[in-house]
Amino acid sequence: MCLAVPTRVLTVEGHYADVEMAGVSRRISIALTPDVKPGDYVLVHTGYAISIVDEEEAEETLKLFRELSPGEEGL
Amino acid sequence: MKFLDEYRDPRVGQELVKKICARSVQGLRLMEFCGGHTVTIMRNGLRQLLSPHVLLLSGPGCPVCVTAHADLDKAIALARQEGTIIATFGDMIKVPGSFGSLQTVRAEGGDIRVVYSAADALSLAAANPGRPVIFLGIGFETTAPTVAASILEAQARGLKNYYVLSLHKICPPVIKAILDAGEINVHGIILPGHVSAVIGSAPYGFLPQKYGIGGVIAGFEPLDILLAVDMLAAQCEQKIPAVEIAYRRGVRPEGNARAQEVMETVFETADASWRGIGVIPRSGLMLRKEFEDFDATAAFSVDTVVSREPAGCLCGDILRGVSTPLDCSLFSSICTPENPVGPCMVSSEGACAAQYQYGACDE
């Protein structure tokens, strides 16, 4: 129920944004994340962006994983 | 897909499992609160991978499952009123109430529409100006701000036929209630990821302060869960319980201020009834007085019926982490996803449905 999917924002228009979801463009509301910009990744829950993905923090977590499993490519 | 696939690598998963199992604390009992986490755990066999070092218990974090029977009966009674359109997330359709389900009402001719978003319900209202559209507001702090936003938009657009039956609930009070009941003995809580994307980490401060246990906010991929389990195990090892965030790409310590503001503008807390748990003070969200024009409970009166719980169903105990689906005599015999008796089998993230779908190797 509380599922939210990371999707890339293509364009922003007022309270709405077009995002790329599984290869398809879809309009969502950004009423809850007014600072969103094209190119950002947002977590989309029931048609509303609820959080902007923090790409630096994502990279920090992946760095931790790489340290755990050295020599793995593709992370 | 970016930000998903990287968190599913089985080789890293194996390293994390090794790390957890090598820690000096053994027999850790952790509760995953969120139904989405239950699905990730079951789908990836994480219980089996971590057993016997860590025992994972499912909690009450499935909004459909915790909807009280009386509230469900109210939704069904609204659906039976002449002329109304009920808009709802799909999971609610099949949940059996005391006398039928929304699906039964639909078969009798009731107008029930499954929507993906509160915004879709709003569009339905705009397209049917002569008929009341009642959206069933189910969900925790992840969903409540989206429904609040739809009400603000209805107000701004001057829509007079959009109503919400708010059955929204909030998470911290129920976590407290489960711990206060003292029926389960847990060493830490895997905290919900997307609820926390909205509310942040501060509302869980009571875990270390009052109960002396830690909580770690987790994402929804298998490596996210394993990372959170390892962080909780490390806290237990060092005997320093704390609230931490493992899901840092999605959750900021302060949460989403705008979403909190929208939610607080429209809703106020109220006592709410939880299936299997009972009434928990200030654990629900009702529309504020200034939004009563959009409040289905203010606009429509329904006859209250005496609710009947299905006989033999253990959903209540399962939601409190006291029983598992395998303890229920109805599980997979009388109660299946095709013919569910209780809500934990209806919602795909209910503990029984997840066990039925993915848990064959437990049996």
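Residue numbers start from 1 in every chain, and the chains themselves are labelled A, B, ... in the order their sequence lines are given, proteins ahead of strands. These values consider heavy atoms only, across backbone and side chains, with no hydrogens, waters or symmetry-generated copies.
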- In terms of side-chain heavy atoms, does A/His45 have a donor or acceptor partner in B/Thr143 at a distance below 3.5 Å? yes

Checked B/Asp224, B/Thr146, B/Val64 vs chain A; the most non-hydrogen pairs under 4.5 Å come from B/Thr146

Determine whether a donor-acceptor pair (N or O, by modelled atom type, separation under 3.5 Å) exists between the side chain of B/His194 and the backbone of A/Cys2. yes

From the list B/Glu261, B/Arg258, B/Gln14, the residue making the most non-hydrogen contacts under 4.5 Å with chain A is B/Arg258

### Task
Check whether any side-chain N or O of A/Ser51 sits under 3.5 Å from a backbone N or O of B/Ala197 as a donor-acceptor pair, and report yes or no.
no

Applying a strict 4.5 Å limit to non-hydrogen atoms, the region of A/Ile50 in contact with chain B is both

To the nearest 0.5 Å, atom NZ of B/Lys18 lies from atom CG of A/Leu68 at 10.0 Å

When rounded to the nearest 0.5 Å, the distance separating CD of B/Glu6 from OG1 of A/Thr61 is 10.5 Å

The interface call for B/Asp91 against chain A, heavy-atom contacts under 4.5 Å, is neither

Tightest non-hydrogen contact, residues A/Ala58 and B/Phe3, listed as CB-CE2, 3.5 Å

Turns out that what part of B/Ser196 lies under 4.5 Å from chain A's heavy atoms comes down to neither

Filtered by a 4.5 Å non-hydrogen cutoff, the part of residues 9-17 of chain A contacting chain B is A/Tyr16

Greatest number of non-hydrogen atom pairs under 4.5 angstrom with chain A, of B/Pro145, B/Ser347, B/Gly61, falls to B/Pro145

Contact between A/Leu64 and B/Leu227 at the side-chain level, heavy atoms closer than 4.5 Å - yes or no? yes

Could you check whether any side-chain heavy atom of A/Leu62 comes within less than 4.5 Å of a side-chain heavy atom of B/Tyr7, counting everything from C-beta outward?
yes

Please confirm whether the backbone N or O of A/Thr46 pairs with a side-chain atom of B/Ser117, one donor and one acceptor, at under 3.5 Å?
yes

Ranked by heavy-atom pairs below 4.5 Å to chain A, first place among B/Phe220, B/Tyr116, B/Phe89 goes to B/Tyr116

Looking only at B/Met1, B/Arg252, B/Gln260, most heavy-atom pairs under 4.5 Å shared with chain A are made by B/Arg252

Hits for disulfide bond (SG atoms under 2.5 Å apart) against B/Cys62, two or more places apart or cross-chain, chain-then-number order -> B/Cys65

Contact list (residues 31-39 of chain A to chain B, heavy-atom gap under 4.5 Å, by number) returns A/Ala31, A/Leu32, A/Thr33, A/Pro34

Apply side chain to side chain contact (heavy atoms under 4.5 Å, CB included) to residues B/Asp9 and A/Phe65 and explain how you reach the verdict. CA-CA 9 Å; B/Asp9 189 316; A/Phe65 290 162; over 6 Å; no

Against chain B, residues from residues 18-29 of chain A with at least one heavy atom under 4.5 Å, in numeric order, are A/Met21, A/Arg26

Between A/Asp54 and B/Arg248, the two heavy atoms sitting closest are CB-O, 4.0 Å

Is A/Glu55 salt-bridged to B/Lys2, going by a charged N under 4.0 Å from an acidic O? yes

